[in-house]
Amino acid sequence: MLRALLMTIHFVFVVLWGATAGLHYMTRVIGPKLHFGFPEEGKVTPDGEQCGPTTDNIKDFTLDNATSIEEAGEIMGEHGVVVVPSILQKETAQAFRDYVLKANHILPQID
């Protein structure tokens with residue numbers, strides 16, 4: 001009985017120590033390197049350089065039914081985003097909108 005208790009305490013200690021070390025690593029080592037948020041304008045390339053917007057026309061990155069997967073990948077690579085219209089059926093989209101509106105009404109009352 002005592003042996004099982006000591007093993008449990010040891011296990012809990014090791015798990016807590018590992019969680020603390022991981023949290024320390026995330027907040028002190030990796031955390032300062034992460035930058036969340038958006039630059040003033042444009043996008044930031046993987047090497048950290050900022051460049052301006054790639055287009056000012058939404059049609060340049062809106063896909064249609066004739067767009068191939070390869071073309072969609074190229075558009076995504078160039079602009080960093082694609083718009084896929086009518087990805088949901090109208091009934092599904094309406095049901096989702098209704099749910100979100102209902103949830104927005106109910107959730108503030110839960111607090």
Side-chain angles (χ1 to χ4, degrees):
M1 180 73 174
L2 181 61
R3 182 176 178 178
L5 178 65
L6 290 175
M7 288 179 65
T8 303
I9 291 172
H10 181 259
F11 176 75
V12 169
F13 175 76
V14 169
V15 169
L16 289 176
W17 180 82
T20 303
L23 183 63
H24 172 76
Y25 182 75
M26 290 296 293
T27 57
R28 303 283 185 216
V29 178
I30 294 178
K33 297 177 186 175
L34 297 177
H35 298 287
F36 297 106
F38 300 98
E40 292 296 321
E41 71 175 62
K43 65 178 183 177
V44 177
T45 61
D47 59 354
E49 293 186 24
Q50 186 172 348
C51 60
T54 56
T55 184
D56 58 355
N57 187 351
I58 193 170
K59 291 181 181 179
D60 291 340
F61 51 85
T62 300
L63 305 182
D64 58 13
N65 292 336
T67 306
S68 70
I69 293 175
E70 291 80 15
E71 291 171 326
E74 290 174 12
I75 293 169
M76 176 67 117
E78 180 181 349
H79 300 293
V81 66
V82 293
V83 175
V84 184
S86 302
I87 196 167
L88 297 175
Q89 295 177 351
K90 291 185 183 210
E91 297 82 18
T92 306
Q94 186 61 48
F96 181 68
R97 284 188 198 102
D98 294 342
Y99 171 79
V100 169
L101 291 173
K102 183 178 178 183
N104 285 343
H105 248 19
I106 293 172
L107 288 178
Q109 297 172 3
I110 293 175
D111 293 339

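- No chain of hydrophobic side-chain contacts below 4.5 Å, direct or via other Ile, Leu, Val, Met, Phe, Trp or Tyr residues, connects L63 to I69.
- Residues H79 and T54 share a closest heavy-atom pair of ND1-OG1, 2.5 Å.
- Minimum heavy-atom separation, F61 to V81: CB-O, 3.5 Å.
- The shortest side-chain heavy-atom distance between I9 and V12 does not fall under the 4.5 Å cut-off.
- Once rounded to the nearest 0.5 Å, the distance linking OG1 of T62 with CD1 of I75 reads 8.5 Å.
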Practice item. Would you please test R97 and Q94 for side chain to side chain contact (heavy atoms under 4.5 Å, CB included) and show each step? Key: CA-CA 5 Å; R97 284 188 198 102; Q94 186 61 48; 3.7 Å; yes
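- Under a hydrophobic-cluster definition in which Ile, Leu, Val, Met, Phe, Trp and Tyr are linked whenever side-chain heavy atoms come within less than 4.5 Å, directly or via other members, L88 and Y99 are assigned to different clusters.
- Note: D64 CG to T67 OG1 = 3.5 Å, rounded to the nearest 0.5 Å.
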Practice item. Report the C-alpha distance between V100 and F96 in whole Å, list the side-chain angles of each, state the deciding distance to 0.1 Å, and finish with yes or no for side chain to side chain contact (heavy atoms under 4.5 Å, CB included). Key: CA-CA 6 Å; V100 169; F96 181 68; 3.7 Å; yes
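- Neither V14 nor L6 shares a network with the other; the hydrophobic side chains, linked directly or stepwise wherever heavy atoms of I, L, V, M, F, W or Y lie under 4.5 Å apart, form separate groups for each.
- Under a hydrophobic-cluster definition in which Ile, Leu, Val, Met, Phe, Trp and Tyr are linked whenever side-chain heavy atoms come within less than 4.5 Å, directly or via other members, W17 and F11 are assigned to different clusters.
- Taking CD from E78 and OG1 from T55, the interatomic distance works out to 8.0 Å, rounded to the nearest 0.5 Å.
- In this structure, CD on E71 lies 7.0 Å from CD on E74, to the nearest 0.5 angstrom.
- For I87, the CD1 atom counts as loosely surrounded, since its 6.0 Å shell holds 12 or fewer non-hydrogen atoms of other residues, nucleotides or ligands.
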